[in-house]
Amino acid sequence: MSDARKPFPFREFEPKWQARWETEKTFRTPGPGDAGFDPSKPKYYVLDMFPYPSGSGLHVGHPEGYTATDIIGRYKRMQGFNVLHPMGYDSFGLPAEQYAIKTGQHPALTTAANIENFRRQLKALGFAYDWDREIATTDPQYVRWTQWIFLQLYNSYYCDQANQARPVTELEAKGWSRAQIDDVRLAYVAEAAVNWSPDLGTVLANEEVEEWRSKGHTVERRPLRQWMLRITKYSQRLIDELDSLQWPEGIKLLQKNWIGRSEGASVRFQISNFKSQIEVFTTRPDTLFGATYMVLAPEHPYVMSITTAEQQDSVVSYQLACASKSDMDRGDLNKDKSGVFTGAFAVNPVNHKPIPIWIADYVMMGYGTGAIMAVPAHDERDFEFAKRFGLPIVEVVSSHTGGTSTLLEAFCEPGIAINSGFLDGLPTAEAKAEMINWLESNSIGRRRVQYKLRDWLFSRQRYWGEPFPIVWKDGHHQAIPAAELPLLAPPLEDYKPSGTPEPLLSKAREWVELPDGSVRETNTMPQWAGSCWYYLRYCDPHNTERFISKAAEAYWSDDKPGMIDLYVGGTEHAVLHLLYARFWHKVLFDLGHVRTPEPFQRLVNQGLILGEDGQKMSKSRGNVVNPDDVVSEYGADALRLYEMFMGPLEQVKPWQMKGVEGVSRFLARVWRVVFEQDQTGTWQVSGKIKDVACTDTELRRVVHETIRKVGDDIEKLSFNTAISQMMICTNAFTQAEVVPLAEFIQFLTVLNPFAPHLSEEIHEGVAAVFNRQASLLSESTWPVYDPAALVRNEVELIIQVNGKLRERLMIAKDADEAAATAAALASAKVKDHTDSKTIRKIVYIQGKLLNIVAS
RNA sequence: GGCGGCUUGGCGGAAUUGGUAGACGCGCUCGACUCAAAAUCGAGUUCUAACGAGUGUGGGUUCGAGUCCCACAGCCGCUACCA
């Protein structure tokens with residue numbers, strides 16, 4: 001379509017307004033210390049999850065959340081808030097490095113090019129960001145503070161008494177040894193079984209394994225020395241403090257389940273003929289009398305020492321078989337239980353019976369103690385295993401007293417204890433408590449709370465990430481001085497993985513080996529590191545003294561537990577980014593660097609946008625919609641408006657190009673309320689618009705209803721209904737003989753956050769004709785609606801007979817029941833349905849409905 | 001298997017505390033304008049000839065249920081032997 005055929009000239013005015021906002025810095029947000037900062041203004045911090053700048057550019061999912069936050073930000077700004085609405089790039093990541101492997105080009109170059117493309121696309125959508133606050137996690141000045149925060153973790157331990165992180169210098173003062181301190185740091189080194197991919201040349205998080213495997217990479221399990229972050233110390237706080245946040249309940253639940261708190265007991269079992277004991281965790285201490293065997297994880301450290309000579313071969317080969325499988329594979333085998341007897345026995349502490357010790361891969365080394373007591377009668381997995389290997393099944397809980405002769409399946413519900421000595425007759429809850437008392441008084445076990453959450457495996461062997469600010473000397477790690485930050489990775493000649501778990505950085509010998517004989521840590525941080533604190537940096541992005549100034553941190557926080565007023569992003573980050581960022585924030589809180597205990601007060605997840613075929617957008621399906629195409633065909637305002645009109649923000653919804661045409665048509669109607677084309681095809685301000693008082697009360701009512709509803713709907717993030725109200729308002733203007741200037745500008749103001757370019761352009765055109773001052777619409781204040789304008793004197797009253805609609809009557813708004821009833825009964829339609837009946841009851845809702853119950 | 005979400009016309013979706021089901025938009029039909037078309041404007045559009053029926057299915061509470069309660073089904077997402 002040529003520009004002349006466009007329903008309104010967005011190709012001319014959209015770039016024009018974008019340029020003006022940029023040169024005038026319209027959306028600059030002054031913070032403490034900045035020129036024009038007004039500390040008396042209330043703050044509003046609205047944040048998007050920043051994008052990973054991939055080579056393929058923005059997809060239509062990005063502008064969904066970004067437009068929502070943009071509308072909120074512009075709305076709050078019009079209401080007098082000092083709005084912080086920033087954007088940046090999560091620019092470390094494996095794809096840039098994969099591209100470097102293919103082309104030999106330094107990842108910094110591709111990243112810079114990708115960022116430039118993203119920035120161009122974002123600017124073309126007219127978002128009201130303060131571009132002076134733009135950040136990229138790969139920027140050396142950003143890396144500097146990411147590393148600095150890592151050192152805060154490294155130099156802290158978790159004080160269980162105070163229930164908070166404290167500097168390790170406290171421990172030094174108490175005379176703790178270096179080794180003792182290294183054991184309690186929040187960032188520590190440990191040997192861990194990890195997912196190692198030889199061809200990617202890095203370890204992967206559990207949740208990344210499937211993705212890369214499906215792309216044809218191999219992933220195996222092997223133990224490696226890794227950096228870990230002690231997030232588990234925060235398990236309880238991460239659960240409890242969710243309560244203070246306005247997050248979707250589903251996301252809270254997801255995090256709670258991920259942290260996975262369970263209550264029970266630890267119990268120690270004596271190994272026959274050995275000094276050692278095996279400790280297990282159980283949520284069912286009440287079933288201890290029914291524990292007929294034990295199972296150790298194949299990697300359990302005791303396995304080799306307790307295995308008998310006869311069982312040696314089968315145990316070793318089973319261990320080898322398990323070692324090659326990831327946790328995923330173990331899961332795939334699911335119900336098909338496997339395992340091997342070690343030949344050793346333990347003693348059940350309550351009845352002193354010997355019970356065999358097996359190893360099986362249904363027990364995980366990473367959870368609890370890596371060992372279980374098996375109670376086949378009351379646990380599905382144990383039951384299945386016992387059936388398979390012919391192990392004894394002893395029933396100790398019954399749904400009724402007496403028990404059954406043969407169990408067909410495990411009975412896992414609470415019941416009454418049987419065959420359990422001193423517990424007999426007790427209901428499960430009491431039996432648990434009684435058993436824990438017994439275990440504690442006999443020093444065999446104790447009450448225990450267990451979490452599924454594991455410490456965060458924080459190191460990667462890749463190149464394109466933050467290097468650890470750590471050097472090794474004489475076998476010990478130590479922090480490099482903060483003054484030496486940022487520590488940047490050296491350029492490499494090739495980024496190909498070596499096939500060994502040796503980090504890529506170790507190839508840069510000159511960088512690694514220091515003159516004093518110490519060597520640099522060669523692992524790098526995961527991509528999550530940068531996204532754990534970026535929201536803090538936005539508040540003070542150019543500070544060279546601190547990661548955020550005290551003043552900026554104070555100003556952008558308030559009394560609420562979470563710093564950010566509204567955070568919008570996809571559900572895919574429910575348990576990773578959102579958990580990691582909370583963890584880092586709490587560490588910074590404990591150390592006194594931030595004043596709120598939580599980062600994100602209110603969280604909203606935007607729903608996925610599907611392709612026109614109702615399937616997830618993907619290149620292979622060919623159903624991907626490119627925002628650039630939509631902008632060039634319909635304009636940025638149409639794209640923004642369509643994405644908001646599709647349906648509720650949080651809902652999954654399919655793309656419909658016809659829908660884009662629909663909102664484009666709406667924008668054209670708004671345009672034509674004011675402009676009409678003359679003979680030459682030039683748009684001229686229409687004579688319909690007049691600077692007169694509005695005498696059309698219905699038109700005025702619609703305008704004020706629109707001001708009211710759009711404001712309410714923005715607060716509720718119900719953008720689709722706000723737009724529908726603006727469509728109604730536009731239709732009213734279109735049909736009006738005269739368009740009163742003041743009312744129309746109120747409407748334009750309300751439209752501005754949604755369609756900023758079009759509304760500015762129309763506003764400018766109208767202002768020129770009426771000699772009004774041509775200030776930016778984006779800088780005007782949100783209109784106030786007049787409640788009196790909304791009032792209607794007569795309303796349509798719905799008349800029902802026995803709940804069925806029979807008549808509609810115009811009646812005074814405040815008519816009483818007698819008047820309404822009389823009017824209703826006078827209606828012929830009502831008479832038809834009541835004549836042969838007796839009226840039993842009248843239900844009257846003033847101004848709404850009258851229901852006649854008759855039989 | 002577990003957890004969570006969803007289910008309303010041909011389509012996307014709207015419906016305070018239970019109170020006119022289908023706002024608004026798409027599509028479609030008809031009309032106006034036009035030599036004609038596109039664009040635009042106007043009218044109509046849940047089903048049914050009508051009585052009536054109707055918010056995934058079956059029950060319940062209520063004067064009244066898309067909305068509340070119970071049971072079930074289907075789709076989508078996440079998670080996966082967590083002791």
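Reminder, nothing fancy here: chain letters follow the sequence lines and each chain counts from 1. Values below: all heavy atoms of this structure, side chains included; hydrogens, waters and symmetry mates excluded.
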Roughly, in whole Å, what's the span from CD1 in A:I798 to P in B:G18?
19 Å
From CZ of A:R261 across to P of B:A83 the rounded distance in Å is 13 Å
Assign A:R840 to base, sugar-phosphate, or nothing according to its heavy-atom contacts below 4.0 angstrom with the strands shown.
nothing
What distance, rounded to whole Å, do you find between the two P atoms, one in B:G66 and one in B:U55?
7 Å
Grab the two heavy atoms, one from A:A371 and one from A:L296, that are nearest each other, plus how far apart they are.
CB-CD2, 3.5 Å
So what does A:L849 hit on the nucleic acid, given a heavy-atom distance under 4.0 Å: a base, only sugar-phosphate, or nothing?
base
Euclidean distance, atom CD of residue A:E650 to atom P of B:G4 [Å, nearest integer]
17 Å
For nucleotides B:U20 and B:C68, find the distance between their P atoms and express it as a whole number of Å.
15 Å
A:K256 with A:D243: basic N within carboxylate O range, under 4.0 Å
yes
With rounding to the closest Å, how many angstrom separate the P atoms on B:G58 and B:A50?
25 Å
For B:G13, does OP1 or OP2 lie under 4.0 Å from any side-chain N or O of A:Q651?
yes
First of A:E796 and A:D379 reached from the 5' end of RNA chain B, by closest nucleotide
A:E796
Tell me what A:N851 touches on the nucleic acid: a base, only sugar-phosphate, or nothing, going by heavy atoms under 4.0 Å.
base
For a quick test of reading the model, state the closest non-hydrogen atom pair linking A:D814 to A:Q846 and the distance between them.
O-NE2, 3.3 Å
Can you confirm whether A:I444 sits close enough to A:V267 that some side-chain heavy atom of one is under 4.5 Å from a side-chain heavy atom of the other?
yes
Quick one: A:Q677 CD to B:C41 P, roughly how many Å, whole number?
13 Å
If the P atom of B:U8 is compared with that of B:G13, how far apart are they to the nearest Å?
9 Å
Starting at CZ of A:F666 and ending at P of B:G12, how long is that distance when rounded to a whole Å?
22 Å
Are A:T721 and A:D713 close enough that a side-chain donor and a side-chain acceptor fall under 3.5 Å?
yes
Applying a 4.0 Å non-hydrogen cut-off, can you work out what A:Q846 is touching in the nucleic acid: base, sugar-phosphate, or nothing?
nothing
Between B:C72 and B:G77, how far apart are the P atoms? Round to whole Å, please.
24 Å
Result for 5'-nearest mapping on RNA chain B, choosing between A:L254 and A:K452, is A:L254
From B:G27, B:G12, B:U79, nucleotide with atom closest to A:R665 side chain:
B:G27
Say we look at B:A32 and B:A38: how far apart would their C1' atoms be, to the nearest angstrom?
15 Å
Check ion pair A:E249-A:K252 (N to O, under 4.0 angstrom):
yes
Does B:A14 have OP1 or OP2 under 4.0 Å away from a side-chain N or O of A:N720?
yes
A:R381/A:E384 salt bridge by N-O under 4.0 Å criterion
no
Check every strand shown and say whether A:E572 touches a base, only sugar-phosphate, or nothing at a heavy-atom separation below 4.0 Å.
nothing
Is B:G44 syn or is it anti, if syn means the base angle is within 90 degrees of 0?
anti
Check every strand shown and say whether A:V375 touches a base, only sugar-phosphate, or nothing at a heavy-atom separation below 4.0 Å.
nothing
Distance, P atom - from B:C26 to B:C41, rounded to whole angstrom:
10 Å
When we call it a touch if two heavy atoms are under 4.0 Å apart, what does A:G260 touch: a base, just sugar-phosphate, or nothing?
nothing
Given atom CZ of A:R669 and atom C1' of B:G42, what is their separation to the nearest angstrom?
10 Å
Would you please classify the geometry between the A:F385 ring and the A:Y362 ring as parallel, tilted or perpendicular, with 30° and 60° separating the classes?
tilted
Does B:G25 have OP1 or OP2 under 4.0 Å away from a side-chain N or O of A:N731?
yes
Ignoring backbone atoms, test whether A:R381 places a side-chain nitrogen or oxygen under 4.0 Å from the OP1 or OP2 oxygen of B:G1.
no
Which part of the nucleic acid does A:S262 contact within heavy-atom distance under 4.0 Å: base, sugar-phosphate only, or nothing?
sugar-phosphate
Sidechain N-carboxylate O distance under 4.0 Å for A:K716, A:D712:
no
What is the distance from CE of A:M727 to C1' of B:C26, rounded to the nearest Å?
10 Å
Spacing of the P atoms in B:U67 and B:G18 (rounded, Å):
12 Å
Expected output check: what is the dot-bracket annotation of RNA chain B, where ( ) and [ ] are pairs inside the strand (brackets for crossing ones), | is paired with another strand, and pairs are Watson-Crick or G-U under 3.5 Å?
(((((((..(((......[....)))((((((.......))))))((....))..(((((..]....))))))))))))....
Ignoring hydrogens and angles, are the base of B:C11 and the side chain of A:K658 linked by a donor-acceptor pair under 3.5 Å?
no
Any donor-acceptor N or O pair under 3.5 Å, side chains A:E807, A:S827:
yes
What is the separation between atom NZ on A:K841 and atom P on B:C63, rounded to the nearest whole Å?
5 Å
